[in-house]
Number of protein chains: 2
Amino acid sequence: MKTSFENLSVELLKKEIRPSYQRIKVLEYLIAKRCHPTVDQIFNDLVKEVPTLSKATIYNTLNLLIKAKLVRVVTIEDNETRYDITMSNHGHFKCELCGTIFDFKVNIDNFMADKLSEFKINERDVYFKGICPSCLKYKK
Amino acid sequence: MKTSFENLSVELLKKEIRPSYQRIKVLEYLIAKRCHPTVDQIFNDLVKEVPTLSKATIYNTLNLLIKAKLVRVVTIEDNETRYDITMSNHGHFKCELCGTIFDFKVNIDNFMADKLSEFKINERDVYFKGICPSCLKYKK
DNA sequence: TCAATTTTTATAATAATTATAAATATATAA
DNA sequence: TTATATATTTATAATTATTATAAAAATTGA
């Protein structure tokens with residue numbers, strides 16, 4: 001998915017979402033930054049560029065994008081909801097020290113358990129927690 | 001882990017947690033019911049037996065048990081926090097229609113991505129969503 | 001341009017969780 | 001046993017995240 005304004009408009013129109021300025025800004029942010037942000041982070045960054053922005057708009061937009069499967073929720077921690085551009089076959093690792101969330105490739109189809117053969121699986125999420133390499137180094 | 005009152009006391013003492021009546025009740029509930037309950041469910045069920053029970057106690061107790069690694073948080077949905085007795089190598093499947101959460105066996109070590117070789121992994125969670133067999137049947 | 005519709009904004013309402021302090025229960029030592 | 005100290009529970013208040021509502025602004029189509 002390209003990050004140019006026009007291309008994002010097209011992506012939204014494909015999903016029958018009107019490409020308003022605010023919606024494109026949110027989508028653009030998620031694609032460009034790739035930092036699995038919280039609503040607060042998105043709001044605080046974007047309000048610099050769009051001073052009239054309201055937090056309700058962020059919530060509305062994210063919920064729209066989630067319904068359209070362009071964005072997914074990262075519920076790696078129960079006390080903070082984060083958001084991520086939808087990409088297949090990647091898991092999330094959160095460092096317990098610095099809080100950074102890393103993407104990692106994982107072939108999720110491979111570990112589909114036999115027990116679920118009669119289940120219709122629509123969404124697969126893999127969340128790991130631990131300590132990232134740079135924090136491990138720093139600790140020593 | 002046995003569910004008898006005395007055994008649960010021992011489990012708690014091993015973790016240096018005083019085995020108060022309320023704490024044992026919560027732990028016992030989680031082990032016996034295995035329903036991945038929310039705080040509200042735990043509270044509403046236990047208050048029948050322990051009428052003086054307070055919701056703050058449920059929160060305090062769960063946080064203690066989580067710190068002691070006896071219980072883990074199931075963050076399969078961003079708008080509801082659920083709790084589960086800690087067991088290795090099982091994932092959670094949530095049915096999008098009936099809301100039931102199913103456990104399934106999954107060999108999590110198998111799909112450890114190469115990319116994470118320099119990461120220290122402390123916790124692994126696998127969350128699937130979709131439609132369970134009985135809801136699939138019912139739909140037809 | 002004008003009316004109709006959609007989106008955004010500002011604010012209020014709701015719900016989940018944590019913090020606080022008083023009351024209760026438990027443990028320890030004289 | 002009794003007094004004292006400590007830990008736990010309870011009730012309540014405070015905080016925070018999210019949703020709901022209605023007015024204002026922007027967009028669309030005639």
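Chain A is the first sequence line, chain B the second, and so forth, proteins listed ahead of strands; every chain is numbered from 1. Every heavy atom of this structure was used, including side-chain atoms; hydrogens, water molecules and symmetry mates were not.
- Atom CD in A:E16 sits roughly 13 Å away from atom P in C:dT6 (whole-Å rounding).
- Listed nucleotides D:dT9, C:dT7, D:dT19 differ in distance to B:S20; the shortest reach to its side chain belongs to D:dT9.
- Separating the CG atom of A:L64 from the C1' atom of D:dT19 is a distance of 14 Å, rounded to the nearest angstrom.
- Taken together through direct or relayed side-chain contacts under 4.5 Å among Ile, Leu, Val, Met, Phe, Trp and Tyr, B:Y127 and A:F128 form parts of separate hydrophobic clusters.
- The nucleotide whose nearest atom lies closest to any side-chain atom of A:N63 is, among C:dT8, C:dA19, D:dT19, D:dT19.
- The OH atom of B:Y83 sits 9 Å away from the C1' atom of C:dT17 (whole-angstrom rounding).
- Out of D:dT18, D:dA20, D:dT9, the shortest distance to the side chain of A:V39 is found at D:dT18.
- The cationic atom of A:K115 (NZ for Lys, CZ for Arg) does not lie both less than 6.0 Å from the six-membered ring centre of B:F104 and within 45° of the ring axis.
- Relative to the side chain of A:S54, the nucleotides C:dT8, D:dT19, C:dT9 differ in distance, and C:dT9 lies closest.
- The distance between atom CZ of B:R82 and atom C1' of C:dA16, rounded to the nearest whole Å, is 14 Å.
- As rounded to whole Å, 15 Å separates atom P of D:dA17 from atom CG of A:L62.
- Protein atom CG of B:L53 is 9 Å distant from nucleotide atom C1' of D:dT9, rounded to whole Å.
- Projected onto DNA chain D by closest heavy-atom contact, A:K55 and B:V50 fall at different nucleotides, the more 5' of which corresponds to B:V50.
- For the side-chain hydrogen bond (donor to acceptor under 3.5 Å, both in side chains) with B:D125, the qualifying choice from B:H90, B:R72, B:H92 is B:R72, the only one to do so.
- In this entry the distance linking CZ of A:F43 with C1' of D:dA17 reads 14 Å, nearest Å.
- With hydrophobic clusters built from ILVMFWY side chains whose heavy atoms lie under 4.5 angstrom apart, A:V126 does not share a cluster with B:V74.
- Distance from the side chain of B:R23 is smallest for D:dT9 among the nucleotides D:dT10, D:dT9, C:dT9.
- Toward the 5′ end of DNA chain D lies the nearest nucleotide of B:R18, the other residue of the pair B:R18 and A:D40 mapping further downstream.
- Checked against D:dT8, C:dT17, D:dA11, the side chain of B:T81 finds its nearest nucleotide in C:dT17.
- Residue A:Q22 places no side-chain N or O under 4.0 Å from the OP1 or OP2 atom of D:dA26.
- Protein atom CG of A:N60 is 14 Å distant from nucleotide atom C1' of D:dA17, rounded to whole Å.
- Looking at heavy-atom distances under 4.0 Å, A:D78 makes no contact with the nucleic acid at all.
- Of the candidates C:dT18, C:dT9, D:dT18, C:dT18 carries the atom nearest the B:Y59 side chain, counting heavy atoms from C-beta on.
- Judged purely by atom type and a 3.5 angstrom limit, A:T86 uses its side chain to pair as donor or acceptor with the backbone of A:K69.
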